[in-house]
Amino acid sequence: MYNKVVRVDAIKISLKEVSSLLLKTGSLAQWQLTHANTQLTREHTFKTFEQTWGFLTQVSMRAHLLGHHPTITTSYNKVKIDLTTHDIISEADKQSSAISDIDIKFAKRIEKYLELYSSK
Ligand SMILES: C[C@H](O)[C@H](O)[C@H]1CNC2=NC(N)=NC(=O)C2=N1
């Protein structure tokens, strides 16, 4: 069981590394780089409303565990998830967010959850 909460610093991931994960052969092939390459976005359509909220419940519980909270947009059986790390100031243009190791870790976990649901 988890009996301690440890705060870890997010580590910025290079655009090159992120892009390699998004390739057709990459583990995040279904994700997109958005918002001027500061966010990872995944869209999915579920067969039913119940499946949608079963999935979102898993995501919300994991977000709470990680202390890392995606922006979630949902309508009936459609879900859009945006992941970014606000705690990193991107050197490029001092944007308020960038993609970190925690976003990659969470995105991979989300792919595992999605394997449990057949899409529409
Ligand atoms: C202090 C707090 O844990 C941090 O600000 C967390 C909160 N949740 C977060 N969620 C996301 N998506 N990005 C963050 O950088 C982030 N930071």
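First listed ligand is number 1; within each ligand, the first listed atom is number 1. Here the structure is a predicted model, which is why all the values come from computation and not from measurement.
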How about [X] and [Y]: do any of their side-chain heavy atoms sit closer than 4.5 Å?
X   : Y    : result
F55 : I81  : yes
R62 : L66  : yes
V18 : D103 : no

Handout entry: Numbering as shown, the atoms of ligand 1 that approach T85 to under 4.0 Å (heavy-atom distance)
Key =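 Listed by number with element, the hits are 13 (N), 15 (O).
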Handout entry: Salt-bridge present (E115, K112; N to O < 4.0 Å)
Key =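 Salt bridge between E115 and K112, a charged N being under 4.0 Å from a carboxylate O: yes.
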Handout entry: Full working for side chain to side chain contact (heavy atoms under 4.5 Å, CB included) between W53 and V79
Key = CA-CA 10 Å; W53 281 95; V79 170; over 6 Å; no
Problem - Partner of Q30 under side-chain contact (heavy atoms from CB on, under 4.5 Å), chosen from E43, R42, K24 - result: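 Exactly one option meets the side-chain contact (heavy atoms from CB on, under 4.5 Å) with Q30, and it is R42.
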Exercise for the section: Indicate, as side chain, backbone, both or neither, the part of T84 found under 4.0 angstrom from ligand 1 when only non-hydrogen atoms are considered. Expected result: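 For T84, only backbone atoms sit under 4.0 Å from ligand 1.
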Checking a contact table here: which protein heavy atom is nearest [atom], and how many Å away?
atom                    : value
atom 6 (C) of ligand 1  : G67 O, 3.5 Å
atom 15 (O) of ligand 1 : H86 N, 2.7 Å
atom 1 (C) of ligand 1  : R7 NH1, 3.9 Å
atom 8 (N) of ligand 1  : H69 ND1, 2.8 Å
atom 4 (C) of ligand 1  : D87 OD2, 3.4 Å

